[in-house]
Amino acid sequence: MTTQPHPATALDIPCQGLLFDNDGVLVDSDHGVDQAWSQWARDRDLQPEQVTAMVHGRRSADTVALLVTDPKERPAALAAIDRLEVEAAATTTALPGALDFLASLPRERWAVVTSGVTALARARLTAAGLPTPPVLITADDVSHGKPAPDGYRTAAKKLGFSPARTVVFEDSTAGAKAGAAAGATVIGVGQRALATDATIVIRDLRGLTWHDGVLHLTAADLLRS
């Protein structure tokens, strides 16, 4: 898939499917994430700031595996963080442009691929007032989380498109690597995405439109292009 620059500020990307990360792309869950993981860290005598710095874009199971050395303790530790995150999901809000852009898309064209478990993903989308995705791929649906490409490949397959005909919207390094490994075109979203390898980074989803197999970024606020 090629990115085609046009005169003035126009930028068009041919694509048949649009695959969205959830946290940091569609919803702002940072407050809840920090709240839940900080409490989890304090309960285990870990430094909250070190823990919260490493969780974005990862499945909670993968983070727990890195931080809990005894495999026998991991199931309880995982259950604890999943519970804390769902409890904190009520603080989640929609990011600018997310509702309008999703509402403009045909439902058979988009999916959400998140490192959160299903209950958490649904709780955050509901709290943010966003529509239920026609295809939702969560940590419960894949054997390997981001940066592995499994989630994005699965979502593209469920939509009926090859990954090469899709665009992935991501904010984290792990997520951007997953989208690229799947073979999709990756667009970074938000300031955090400037640390990824995404060639194009937009501030948020405002100004985006999709018609007849082409994603138009003409009115998007580009942070990198």
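If you chain together hydrophobic residues whose side chains sit under 4.5 Å apart, V55 and L46 fall into the same group. Under a hydrophobic-cluster definition in which Ile, Leu, Val, Met, Phe, Trp and Tyr are linked whenever side-chain heavy atoms come within less than 4.5 Å, directly or via other members, V189 and L95 are assigned to different clusters. Connection of V113 to V142 is established within a shared hydrophobic cluster, with ILVMFWY side chains joined at heavy-atom distances below 4.5 Å, either directly or through further cluster members.
Interatomic distance, W210 CH2 to I13 CD1, rounded to the nearest 0.5 Å: 13.5 Å. Atom CD1 in I202 sits 9.0 Å away from atom CG in D221 (nearest 0.5 Å). For the atom pair T196 OG1 and K177 NZ, the distance stands at 9.0 Å (nearest 0.5 Å). Separating the CG atom in D23 from the OG atom in S115 is a distance of 8.0 Å, to the nearest 0.5 Å. Atoms CH2 and CD1, on W37 and I81 in that order, are 4.5 Å from each other to the nearest 0.5 Å. For the atom pair T114 OG1 and K146 NZ, the distance stands at 5.5 Å (nearest 0.5 Å).
The shortest non-hydrogen separation linking T173 to A195 is OG1-O, 3.8 Å. Taking all atoms of both residues into account, the shortest heavy-atom contact from A77 to V68 is CB-CG2, 3.9 Å. Shortest non-hydrogen contact noted between A184 and V168 is CB-CG2, 3.6 Å. Closest non-hydrogen pair, A220 versus L208, comes out as CB-CD2, 3.7 Å. Closest heavy-atom contact between R59 and A139: CD-CB, 3.5 Å. Residue W110 comes nearest to P133 through the heavy atom pair CH2-CA, 3.5 Å, listed as atom of the first residue, atom of the second, then distance.
Side chains of S172 and D21: no donor on one and acceptor on the other come within 3.5 Å. D150 and H144 form no side-chain donor-acceptor contact under 3.5 Å, judged by distance and modelled atom types alone.
Applying the salt bridge (Lys or Arg N to Asp or Glu O under 4.0 Å) criterion to R83, with sequence neighbours excluded, gives E87.
Here R206 pairs with D204 in a salt bridge; the nearest charged N to carboxylate O distance falls below 4.0 Å.
D12 is listed as a side-chain neighbour of T218, based on a closest heavy-atom distance under 4.5 Å. Within the 4.5 Å cutoff, the side chain of D82 has heavy atoms near those of the S60 side chain. Using a 4.5 Å cut-off on side-chain heavy atoms (C-beta onward), L194 and Q191 make contact.
Side-chain N or O atoms of R153 include none that pairs as donor or acceptor with a backbone N or O of S162 at under 3.5 Å. R124 places no side-chain N or O within 3.5 Å of a backbone atom of V27 that could act as its donor or acceptor partner. Side-chain atoms of T91 come within 3.5 Å of backbone N or O of A88 as a donor-acceptor pair. With D28 contributing its side chain and D30 its backbone, the two residues share a donor-acceptor pair below 3.5 Å. Of the possible donor and acceptor atoms, one in the side chain of D141 sits under 3.5 Å from a partner among the backbone N and O of T138.
With a 6.0 Å radius and a threshold of 12 heavy atoms from other residues, nucleotides or ligands, D197 has its CG atom at or below the threshold.
The aromatic rings of F101 and F20 sit perpendicular, their planes meeting at an angle over 60°, well past the 30° parallel limit.
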